[in-house]
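Contents: one structure, followed by commentary.
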Amino acid sequence: MKITRLATYRVAPRWMFLKIETDEGISGWGEPVIEGRARTVEAAVQEFAETLVGKDPTRINDLWQTMYRSNFYRGGPILMSAIAGIDQALWDIKGKALGVPVYELLGGKVRDRMKVYSWVGGDRPGDIVDHMRRLMEGGFDAFKLNGTEEMAMLDTPRAVDAAVKKIAEVHEALGTSISFGIDFHGRVSAPMAKVLLRELEPYRPLFVEEPVLAEQAEHYPRLAASTCIPLAAGERMYSRFEFKRVLEAGGISILQPDLSHAGGITECHKIAAMAEAYDVALAPHCPLGPVALAACLQVDFVSHNAVLQEQSMGIHYNRGAELLDYVINKQDFHIEGGFIGAPPRPGLGVEIDEERVIAASKEAPDWRNPVWRHADGSVAEW
């Protein structure tokens, strides 16, 4: 079997799909994208096509190493996201060729169902309790919400109180009937993170995500030593080599690699195993589309330390399309009681509605995240 073609499709709301075709008629789908930089990743995918066309798609490890190591400059969000989507599609092809889900090729399932959580509240959290109550009617009992709006490097007690008040309202209204993680989203500096973590402890969140930016990872162990709240990070780390340094330094309780950013299934399977060796949990980052979610689930079902799976149904970014709009086998992604089952179909287990994807790609929006500013006019972290 040989690879014959790579085709990319940018679609609403902010996703990009990749189809890899072969001379035996077996095709695989991947989701290589950086949110807000889809065109840049698309160019990287097409550059890799020069290396891939004519090669055997089942030699995934060799193709991965060739893409990663055969160029002097490597790593980073763009190249690793391109590799990630290609890797997903290669696993999809191999699973389909052998007639089994990818998790069977990785050793088989360690669990029967995977716990998922839902986003609430949007970029500037509001109506959180009502949103949670509506989702609870559908069986969800685990959530994630943004913890703050803009926050200055040294902010006021008023700003801290405003952030804590939202969390206190959730705790008062719903108590322990639900669990929730809080995403600082890199908006909080190290000085303020310590303050916020202390103030949030009484409300017992499942975790605080990106307590500081990944480039400030040296603060993770220091912050962990100051709080009993588990700290989570990883969506802006792109290879096992970045995760290696964080695991060695300590401080993170939950790793959150993104399977569309951190080298795909091949790399994230290794990252999951590294985390397990450090007794660190796995909760893959996935505010993206159906192929990305399907890839995450393949790793979740073979990773003993996988505890939670993010998914984007109803997320505030989804304008113009929803998670399953491009999926034919929607029933395989049914969430019941806050859990999702293992995808039963061969490959990644997602059957893409190619006709709808092609139609949507003709008028794809160029999504950009908002640019926020502090009161003094300086750029704020979004």
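We use all heavy atoms of the structure for the numbers below, so side chains are in, but hydrogens, waters and symmetry mates are not. Source: prediction; values computed, not measured.
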Any non-hydrogen side-chain atom of Val116 less than 4.5 Å from a side-chain atom of Leu308? no
* Asked: Is any NZ, NE, NH1 or NH2 atom of the basic residue among Glu354 and Arg356 found under 4.0 Å from an Asp or Glu carboxylate oxygen of the other?
  -> no
Salt bridge (charged side-chain N to carboxylate O under 4.0 Å, His left out) with Glu150: of Arg124, Arg187, Arg373, only one passes, and it is Arg124
Less than 4.5 Å apart, side chain to side chain, heavy atoms only: is that true for Ile167 and Phe180?
yes
N/O donor-acceptor pair under 3.5 Å between Lys55 side chain and Thr51 backbone = yes
- Message: Between Lys2 and Glu24, does any side-chain N to carboxylate O distance fall below 4.0 Å?
- Response: no
Applying ring-ring contact (aromatic ring centres under 6.0 Å, His included) to His171 and not counting sequence neighbours gives Tyr203
Test of ring centre spacing under 6.0 Å for Phe17 and Tyr326 = yes
*asked:* Looking at Phe339, I'd like to know if the NZ or CZ of Lys115 sits under 6.0 Å from its six-membered ring centre while staying within 45 degrees of the ring's axis.
replied: yes
Practice prompt. Report yes if the side chains of Tyr278 and Leu255 come closer than 4.5 Å at any heavy-atom pair, otherwise no.
Written response: no
message = Other residues, nucleotides and ligands only: do more than 12 of their heavy atoms fall within 6.0 Å of CG on Asp112?
response = no
- Verify, without hydrogens or angle tests, whether Gln311 (side chain) and Met313 (backbone) share a donor-acceptor contact under 3.5 angstrom. yes
